[in-house]
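These notes are about the structure you will find just below.
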2 protein chains.
Amino acid sequence: MISTRERILDAAEKMFADQGYSATSVRKIISKARVNLAAVHYHFHSKEELLEAVILRRAIPANQERLELLDACEAAAPGGNPGLEEILRAFLAPSLRVVRDPALGGVVFMRLIARLQAEGDLWQKTVGGHFLPLLDRYGSALRRALPELSQEELFWRVHFAIGATTQALRGTETLELFSGGLCRPTDPNLILDRLIGFVSAGMRAPVAVHSLSGGTK
Amino acid sequence: MISTRERILDAAEKMFADQGYSATSVRKIISKARVNLAAVHYHFHSKEELLEAVILRRAIPANQERLELLDACEAAAPGGNPGLEEILRAFLAPSLRVVRDPALGGVVFMRLIARLQAEGDLWQKTVGGHFLPLLDRYGSALRRALPELSQEELFWRVHFAIGATTQALRGTETLELFSGGLCRPTDPNLILDRLIGFVSAGMRAPVAVHSLSGGTK
DNA sequence: GTCTATAACTTGATAGAC
DNA sequence: GTCTATCAAGTTATAGAC
């Protein structure tokens with residue numbers, strides 16, 4: 001039998017992902033989790049801390065693994081400089097495991113992350129900080145893999161890449177809809193391959209020479 | 001003096017963008033707009049219809065312009081087949097105008113769009129349908145610009161591109177934060193140039209040969 | 001650790017005077 | 001078209017029994 005605490009986390013994760021944080025009341029959560037209202041406040045003190053717990057349960061081990069995978073692939077690479085695709089794969093492999101395994105949250109968790117990321121404020125309050133150390137390590141690996149890019153240019157491309165990744169991992173309902181059912185949720189491995197193809201090409205794009213006075217048509 | 005109706009729309013747009021739809025109560029909106037509570041229900045019937053009105057006010061003219069720009073660039077292109085960058089630019093030019101002009105909603109409106117897009121359910125209920133006709137026209141233009149891609153592959157790449165675009169137009173707070181202030185909100189034209197560079201390279205990426213049994217590392 | 005009961009407040013929406 | 005007054009329901013959170 002799963003503990004009360006876990007049942008609350010599971011229900012909250014699903015409902016925050018499906019309906020958003022503020023649209024999900026603690027009462028809806030407890031009714032789904034079949035627990036008592038006071039149990040939530042006993043275990044998590046407040047709704048906001050509950051959200052934080054929901055995310056950290058998954059994000060802490062995944063980020064730990066991301067660091068280890070980067071270490072491993074730097075150790076294996078010639079000169080300690082792995083290629084762009086390898087770096088992207090090290091970062092995304094834990095996400096892929098999460099998506100594949102419902103016990104790790106599955107797509108539900110990725111949808112929640114996507115949602116929070118779009119909200120900005122909540123993201124920073126809850127988990128933003130837990131991703132900053134990652135950024136350091138991965139940032140410097142990327143700089144060595146793409147030495148022709150200025151620091152600024154690199155940041156912009158990482159920014160775009162985060163957008164594409166979020167979209168890819170969020171789930172495919174929108175895509176299924178607008179592709180008329182042609183694109184269906186196939187093997188997540190395949191999605192990852194496509195994503196890495198897209199992102200690595202984008203990050204290697206020739207540096208644009210920007211017109212001095214703004215777009216000349 | 002701006003009409004009551006417009007004042008409500010302006011306040012609602014800003015607050016929905018900043019705090020999300022369900023975290024924004026009608027009462028917070030009326031206090032910002034300095035109007036009466038009943039005025040909202042008089043003009044818009046319900047909170048949900050208010051959201052719809054907020055979006056359609058901007059989206060209808062912008063989408064109209066997107067169609068006209070595509071017509072124009074197809075008429076000008078040799079064989080009626082404009083290149084990838086031209087198509088992307090036609091689609092994004094109206095977004096750029098919105099971002100540049102606070103009177104058209106500015107970044108605020110784009111932030112709202114990004115948020116709704118991440119929410120999925122609300123998106124489809126409110127505006128999803130208004131983008132479908134666009135998809136048809138732009139989809140076929142893209143197919144002609146990238147004939148080497150299968151229909152399915154193309155849809156996936158459009159999906160990723162939407163993610164990158166959403167991220168780019170949402171505003172640069174996150175980017176500023178994690179770049180340590182190096183990337184600041186410069187000329188939106190420049191952002192657009194970078195985005196188009198990234199996305200067009202991603203869409204032209206070589207088609208990956210996927211391993212038959214899943215990732216072989 | 002789990003429960004009931006309840007406090008204290010906010011929510012979207014409407015009726016009806018002007 | 002604009003207002004006040006009010007409804008019925010739902011909100012987070014806590015006190016205190018077991």
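Keep in mind that the numbers below use all heavy atoms, side chains included, and drop hydrogens, waters and symmetry copies. Labels below follow one simple rule: chain letters A, B, ... track the order of the sequence lines, proteins then strands, and each chain is numbered from 1. Since the model is a prediction, treat every value here as computed from it, not as a measurement.
Proximity of N36(B) to the phosphate of dG1(D): no side-chain N or O atom is located under 4.0 Å from OP1 or OP2. Neither OP1 nor OP2 of dG1(C) sits under 4.0 Å from any side-chain N or O of T4(A).
A straight line from CD1 of I29(B) to P of dT11(C) spans 11 Å, rounded to a whole angstrom. Atoms CD1 (I30(A)) and P (dT14(D)) sit 16 Å apart, rounded to a whole Å. Atom CZ in R34(B) sits about 16 Å away from atom C1' in dT2(D), given to the nearest Å. What separates NZ of K28(B) from P of dT11(D) is a distance of 15 Å, to the nearest Å. Here the P atom of nucleotide dT2(C) and the CD atom of E6(A) are 13 Å apart, to the nearest Å.
In this structure, of dT11(D), dG1(C), dT4(D), it is dG1(C) that holds the atom nearest to the side chain of Y42(A).
Among residue pairs with one or both ends in residues 29-42 of chain A, none qualify as side-chain hydrogen bond (donor to acceptor under 3.5 Å, both in side chains); sequence neighbours excluded. Among residue pairs with one or both ends in residues 158-174 of chain B, those qualifying as salt bridge (charged side-chain N to carboxylate O under 4.0 Å, His left out) are R111(B)-E173(B); sequence neighbours excluded.
Centroid-to-centroid, the aromatic rings of W123(A) and F131(A) come within less than 6.0 Å.
Residues meeting the salt bridge (charged side-chain N to carboxylate O under 4.0 Å, His left out) test with R143(A), sequence neighbours left out: none. In this view, Y138(A) and F91(A) satisfy the ring-ring contact (aromatic ring centres under 6.0 Å, His included) rule, not counting sequence neighbours. Remark: K47(B) engages no residue in a salt bridge (charged side-chain N to carboxylate O under 4.0 Å, His left out) (not counting sequence neighbours). With sequence neighbours left out, A93(B) forms a side chain to side chain contact (heavy atoms under 4.5 Å, CB included) with L69(B). Scanning for side-chain hydrogen bond (donor to acceptor under 3.5 Å, both in side chains) contacts around T24(B) gives an empty result, with sequence neighbours left out.
In this structure, the side chains of L132(A) and D136(A) stay at 4.5 Å or more apart for every pair of heavy atoms.
Interface residues of residues 7-15 of chain B facing DNA chain C, ordered by number: none; criterion, heavy-atom separation under 4.0 Å.
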Exercise. Reading nucleotides 12-18 of chain C 5' to 3', which nucleotides get B (base under 4.0 Å from a protein heavy atom), which S (sugar-phosphate only), which -?
Worked result: BBB----
